[in-house]
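Report on one structure; see the data block that follows.
Letters A, B, ... are given to chains in the order of the sequence lines, protein chains preceding strands, and every chain is numbered from 1.
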Amino acid sequence: MGQRIDVNHENIYYGDFLAVEDVNINIEANKVTAFIGPSGCGKSTVLRTLDRMHELIPGAHVEGEVLLEGKNLYDKDVDPVSVRRDVGMVFQRPNPFPTMSIRENVLAGVRLNNKHISKSDADDLVEWALRGANLWNEVKDRLDNPGIGLSGGQQQRLCIARAVAVHPQVVLMDEPCSALDPISTLAVEDLINELKDDYTIVIVTHNMQQAARIADYTAFFNLKAVGQPGHLEYFADTTTMFNNPQNEEAERYISGRFG
Amino acid sequence: MGQRIDVNHENIYYGDFLAVEDVNINIEANKVTAFIGPSGCGKSTVLRTLDRMHELIPGAHVEGEVLLEGKNLYDKDVDPVSVRRDVGMVFQRPNPFPTMSIRENVLAGVRLNNKHISKSDADDLVEWALRGANLWNEVKDRLDNPGIGLSGGQQQRLCIARAVAVHPQVVLMDEPCSALDPISTLAVEDLINELKDDYTIVIVTHNMQQAARIADYTAFFNLKAVGQPGHLEYFADTTTMFNNPQNEEAERYISGRFG
Amino acid sequence: MSSQDKTALAPSGGKTADKVFRGVAYACGILILVVLAAVFLFLFFRAWPLIGGDQKANSDTISSFTGGKVNTFWGYVLPLLFGTVLISVLALIIAFFISIGIALFISHYAPKKVATGLSYVIDLLAAIPSVIYGLWGGLILVPAIYPFWNWVANHLGWFPLFAGPAANPQRTVATVAVVLAVMVLPIITSMSRDIFLQTPTLQQEAAYGLGATKWEMIKLAVIPFGRSGIVSASMLALGRALGETMAVLMILSPSVTGYSIKILQASQSNAIASNIAAQYPEANDLGVSVLIGTGLILFLITFIVNFVARKITEKAGA
Amino acid sequence: MAEATKKKNLDGAPVIDFDKFRPSRSSEQRRNVMDKFMGGLIALAFVIACIPLVSVLWTTIVNGIKRLNLNFLTYNMTGVVGGNPTPSGGYGGVLHAIIGTLEITGGAMLISIPIGIMCAVYLVEYAHGGKLAMTVSLLVDVMSGIPSIVAGLFAFSMFTIVFGPGTINGIEGSVALSLLMLPTVVKSCEEMLKIVPNDLREASLALGVTKQRTITKIVLRTALPGIVSGCILAIARVIGETAPLLMTAGYIASTNVNLFAGQMTTLPVYVYQEYSKLSANCPANATAACVPTIPMERAWAAALVLIVVVLVLNLIGRLVAKIFAVKTER
Amino acid sequence: ACGDNTASTGNNSSSSDTTKSAPISGDFQGAGATSQQAAVEAWIAGFQGTNPDAKIAYNPTGSGAGVTTFLTGATAWAGSDKALSDDDIAKSKAVCASGQAFDVPVYISPIAIVFNLKGVSDAGKHINLDAATAAKIFDGKITTWNDPAIQDQNKDLKLPSTPITVVHRSDKSGTTQNFVSYFKDQAPDAWTYDLSENWPNEVGQGAKGTSGVISTVKQADGTIGYADFSQVGDLGTAAIKVGDTYNEISAEAGSKVIEDSKLDDTAKGENRVVVKINHATEAKGAYPIVLVSYDIVCPAYKDAKQGEFAKAWLTYVTSDEGQKAAQDAAGSAPLPSSLTSQISKSIDAIKTK
Ligand SMILES: Nc1ncnc2c1ncn2[C@@H]1O[C@H](COP(=O)(O)OP(=O)(O)OP(=O)(O)O)[C@@H](O)[C@H]1O
Ligand SMILES: Nc1ncnc2c1ncn2[C@@H]1O[C@H](COP(=O)(O)OP(=O)(O)OP(=O)(O)O)[C@@H](O)[C@H]1O
Ligand SMILES: [Mg+2]
Ligand SMILES: [Mg+2]
Ligand SMILES: O=P([O-])([O-])[O-]
């Protein structure tokens with residue numbers, strides 16, 4: 001089962017620079033929540049605080065709370081490693097491990113937890129994950145080829161397969177489809193739809209059609225001016241957001257009259 | 001004035017691997033031609049043969065003709081450097097020069113070609129190009145900051161500004177908007193519309209709405225099977241392509257029923 | 001901006017510059033071959049009397065080097081070669097893991113400010129001349145390390161490498177290997193640190209995103225990325241160890257002939273480079289030929305070592 | 001439609017029991033322990049390495065500081081007899097050796113850095129894994145294994161053949177050192193050029209910039225900090241060479257500023273020669289100013305000077321690298 | 001030139017008849033024996049006192065390399081611990097303007113047997129050794145300090161059972177050859193090796209250079225080695241049995257052996273002054289293990305200036321003044337008067353025109 005995330009009064013810094021200010025958002029379990037907004041408004045930044053990836057950047061830190069099923073991820077006693085195990089992530093640019101084969105890439109996360117996996121279990125898992133990412137047919141004959149030998153789109157799908165193969169509770173996706181063609185995009189969207197039965201999904205997207213298609217809730221981030229911190233402008237269920245937004249900025253953005 | 005490109009019986013190889021087979025296409029001057037098709041079908045590959053960037057990959061070569069205003073780019077006496085000066089290119093991933101400021105990045109094409117340009121001309125050129133790429137307002141106060149310090153979307157717009165700043169005859173764009181938010185995308189689309197008065201534009205895109213919005217002609221590439229060479233399946237003016245395609249594969253692809 | 005001096009496909013300026021530059025680059029590439037050929041030919045030419053000269057005089061010369069114990073070239077050079085390789089390999093083994101550890105410490109563990117300072121210290125240490133290591137090793141380390149090696153000889157003496165009794169003073173292969181390890185350590189460290197620091201953030205985040213611990217992230221992203229760099233750093237290090245002259249000369253008590261792996265005993269082995277330095281000043285013409293012959297062997301052995309290492313790198317890179 | 005695709009995607013996909021892959025408590029513990037353990041080992045490696053390194057520096061500083069003063073730096077070794085002080089009140093110095101070191105190393109830099117950079121450019125930018133390039137790059141690796149003593153023999157004999165027997169001068173030492181520097185320069189430049197993202201070359205070439213200008217203005221410029229630090233490492237490797245310089249540059253007590261004629265003392269050779277003297281004689285009637293241990297003291301002081309010279313060079317290199325530093329992409 | 005210390009003025013105050021001729025000027029180079037280095041430094045300083053425009057460099061490369069370089073014509077003179085070989089004499093014809101090179105002794109130094117033994121050497125005591133015992137020690141036949149052979153000669157010392165670690169030169173060395181030639185002459189049964197500049201056996205530890213030997217001996221208890229007397233420092237030394245007494249080492253004691261020695265009549269060639277050291281000497285107070293080091297010059301040079309220099313140089317070096325300078329700077333033994341006439345005859349043979 002997926003888990004819910006509640007973000008309370010979150011301020012996000014890069015060193016001294018306050019990148020995103022006072023975010024409050026409730027992300028429902030087993031739903032898809034989309035983050036939209038103009039470039040530089042901090043969508044990626046907020047997303048990366050949900051699995052404590054943000055703090056890997058030197059000097060970066062977070063104020064406020066991020067509650068995963070009520071438990072604050074930023075509590076002293078929480079191990080970021082286990083947070084990241086429960087909250088998977090797919091990045092904007094495809095990043096397969098260059099020295100690993102396609103198969104090993106998919107298994108990379110699982111191998112960390114469990115050194116000894118029987119070959120047949122591994123085979124099953126690889127097939128499941130690759131089918132889910134709509135990549136199976138393209139690569140099934142060359143599972144032992146290096147993952148970086150694939151085209152950009154294929155690489156990104158491989159990364160999605162790798163992320164879902166560890167079966168996280170929450171999956172964060174930062175523009176996972178921006179490098180994909182429509183067919184692959186559709187397949188990934190279907191996969192997201194399917195995954196939400198089991199997991200909570202948060203996705204950053206520039207494609208509003210995509211948000212409208214797949215998200216249950218949509219968060220609109222905005223930026224008052226360049227150099228100012230970004231903030232969460234408006235959060236609503238997707239139908240309201242796209243059909244009847246109660247926020248002027250959001251309406252202007254969605255209708256393309258922005259800026 | 002833009003120039004027309006005619007591609008005749010073009011086969012494109014990576015080493016021994018025939019990536020794209022027998023492309024024949026006529027790209028009209030001062031029009032926007034869009035390349036669409038599934039991932040891996042060779043859109044980028046074909047695009048990169050139009051300014052002889054393809055041959056920079058070791059072992060890669062091309063058979064057939066690419067005529068720029070009737071002159072074969074692949075003739076013995078043609079200098080690929082001057083081809084690339086006349087045919088500009090914008091890449092899928094933003095690639096500003098990391099050693100240069102925003103301003104220097106825009107001027108790179110002019111400066112690196114050892115052209116001397118007065119400061120006021122340079123200022124004008126920088127402003128013109130950055131405005132065209134919808135980046136001026138965001139960066140006008142920090143033109144001397146490094147280009148690499150911008151966000152992904154901003155970087156890509158900077159690259160577009162850099163490409164148009166050299167006033168090419170033809171501009172090739174490989175998914176230039178895939179990392180941009182809708183606002184920037186709209187601005188770039190407007191820019192493309194504006195540029196086609198002077199130049200010929202070829203754009204690879206995954207976003208069919210975008211192709212429909214901006215292209216005069218659309219080329220649909222396809223792939224019979226993985227490992228097989230890609231080919232140009234169908235070429236038509238955009239209205240025909242999206243409303244009444246005379247090709248079954250294209251129709252299935254456009255309507256999203258593919259695969 | 002308005003001046004559009006466009007004639008389509010006009011030949012571009014700078015074409016000559018392009019050609020010249022390319023020519024110079026090629027010439028410099030080829031120069032490497034020429035230089036190396038010159039070195040090889042010279043060594044071979046100077047060593048020629050060993051093959052084509054008066055064999056009686058040759059064996060007399062070699063006898064004079066070895067106090068009459070050996071009078072053939074191979075009998076002279078093979079033990080030297082054995083000693084050279086033994087010392088260098090031991091040094092590399094000692095240095096390798098420590099260096100990788102330090103490199104990782106700097107690149108991924110130490111706070112940024114500390115790391116910058118440490119990097120600087122390591123870079124500086126790479127520059128400490130071997131003659132200073134020789135001074136230090138011969139005067140400070142040799143007496144200081146005796147209790148340790150003596151302990152090793154007493155407790156691990158059953159292992160042939162550590163067969164006792166430990167020589168006192170410890171001017172032995174073991175001590176020299178430690179000094180050479182210290183000398184090559186900064187080379188491996190600074191090169192692998194540079195590579196580790198360049199591990200793409202994307203790769204590292206991919207690993208972290210899967211729930212990897214720091215060490216697992218290093219195993220998944222950093223080490224594979226740096227592997228060929230590590231190998232080539234080790235190669236450079238081995239090269240330096242094989243050719244190290246002064247430190248060995250100033251510390252080791254050399255043997256005249258013989259193969260031995262008793263690294264805690266004195267006068268068991270000698271290295272080619274330090275032997276050349278020791279014998280060259282007093283050698284006559286033919287003696288120089290013999291020494292250059294041994295230099296040629298050393299040259300060939302580094303060739304083989306580097307060749308093999310190179311093949312390993314290639315395989316790892318594939 | 002979602003139903004249909006779902007079926008299509010996972011049609012035939014195995015059913016996975018994810019509990020099998022769950023981390024067990026023990027495995028989690030094992031991973032945590034492993035993480036801590038390796039972190040500890042890595043820190044330990046650092047501490048272990050620090051012992052000899054600190055000891056080397058400490059010994060050199062403590063022993064070297066004693067005789068390191070302005071007099072030592074501004075006089076050479078002419079007229080120094082036994083343990084007796086010179087008229088200037090010192091005990092001889094290293095001025096001639098500092099000058100020799102700077103000139104000989106500078107000569108080696110002038111020879112090997114341009115060749116090395118261009119050779120790296122050839123390997124990375126022009127030769128796309130061709131046979132010649134493979135050979136060159138292999139031979140560069142081989143060359144990096146040339147023992148310094150062999151380089152010395154090579155330079156010695158080359159000059160002997162060209163300029164007659166017994167030729168010993170500074171440039172001969174430079175040639176020997178450049179042979180040692182060259183592969184280091186080539187290799188580090190090669191690494192640095194390889195790291196420059198191909199995107200940048202394409203971006204530049206697509207602007208219609210010639211290859212030469214792309215290389216000089218984009219590629220080399222982007223790689224510059226790395227190249228500078230690579231060259232510093234290369235200099236660092238050779239500045240302390242002793243054995244080849246004993247054969248090629250010789251040893252002289254007075255100052256020689258002419259790189260092309262006459263013997264030249266360098267700091268490492270000076271250190272070694274003073275170490276070899278070990279002690280000086282003080283005759284029975286000598287005054288208290290006669291110091292019998294002066295040669296070793298000079299050796300340590302010169303060693304300290306050598307380290308300081310290296311440090312200063314490093315600082316300069318770092319400053320250069322910083323001024324031209326490239327902000328790296330995240 | 002820059003950084004020069006003004007030549008020391010102490011030495012040339014005495015009115016010297018030997019250097020009456022016009023001052024020499026120019027660049028002159030020598031190379032050779034390391035043993036001479038300290039003395040040569042003093043000589044250069046002294047020589048420059050009267051010839052301030054002469055720039056002299058001595059590269060202590062080692063005797064062999066010094067002779068080799070001299071035979072290429074690149075240096076004005078060579079320093080060598082060993083007399084020229086017949087081969088070298090023959091080769092020198094090509095280098096010298098006329099005649100062939102010859103050698104004259106310039107530097108005599110006793111070779112000390114040094115040791116480091118707790119309770120003995122650090123108490124400032126010496127040990128007594130005869131040739132056979134010393135030879136056996138250095139051949140590894142006697143392995144502990146309290147071996148009866150040693151103890152018997154040192155009744156008043158309480159010797160411990162510490163194992164003996166022999167320390168010898170690892171590089172080719174004139175010191176080694178001069179040292180073992182004493183064993184060869186005086187204890188032929190105990191020392192059966194051929195005479196060579198290389199250490200002949202694998203006993204103990206080797207070290208590079210005199211400095212290496214001294215620092216090794218200093219590093220551990222129970223070590224014994226040999227080194228030029230000037231480098232002994234505070235290490236213990238052995239008194240050697242000459243006749244019925246044990247004579248301690250000193251510069252004068254070394255000189256006495258040479259005084260009691262004859263010229264080597266196997267050294268063929270004009271003007272050569274080669275000493276055949278009489279190890280069997282019974283002269284009172286003589287210390288028999290000595291090293292004689294030579295300067296090698298041509299009787300005539302292609303460049304007359306070099307000849308002028310060589311003549312003046314040797315004249316100064318072998319003069320009382322020069323020998324005194326060497327004695328002060330290097331602790332060497334003075335050339336005995338028995339050799340001086342021969343030496344000055346040879347020096348006179350150098351043509352300066
Ligand atoms: N590593 C970093 N160091 C410093 N500032 C950063 C860093 N990454 C992002 N920022 C800044 O934080 C702000 C938010 O950036 P972020 O990448 O989250 O925006 P975004 O909404 O994801 O944009 P895009 O749609 O272009 O991906 C921007 O002002 C950006 O310049
Ligand atoms: N550098 C290369 N070397 C070898 N093969 C390549 C290379 N680049 C692309 N290919 C192959 O050429 C074919 C066409 O690739 P291309 O990148 O042109 O596709 P595309 O249509 O642009 O895909 P996408 O939409 O994912 O960008 C693919 O099969 C790909 O694997
Ligand atoms: Mg983002
Ligand atoms: Mg593409
Ligand atoms: O002076 P030597 O080095 O030959 O003893």
[X] versus chain C, heavy atoms under 4.5 Å apart: side chain, backbone, both or neither?
X	result
A:Phe91	side chain
A:Val87	backbone
A:Leu112	both
A:Pro146	neither
A:Arg162	both

Minimum heavy-atom distance between A:Gly15 and A:His61, given as atom pair plus value: O-CE1, 3.5 Å
Pair A:Arg4 + A:Asp6, salt bridge at N-O below 4.0 Å: yes
Taking C:Glu216 first and then C:Lys219, would you say they form a salt bridge - that is, a charged N and a carboxylate O separated by under 4.0 Å? no
May I ask you to decide if the ring planes of C:Tyr109 and C:Phe105 are parallel, tilted or perpendicular, using 30° and 60° as cut-offs? parallel
Among A:Val166, A:Val110, A:Leu56, residue most engaged with chain C (heavy-atom pairs, under 4.5 Å): A:Leu56
Do you see a donor-acceptor pair shorter than 3.5 Å between the side chains of A:Tyr14 and A:Thr45? yes
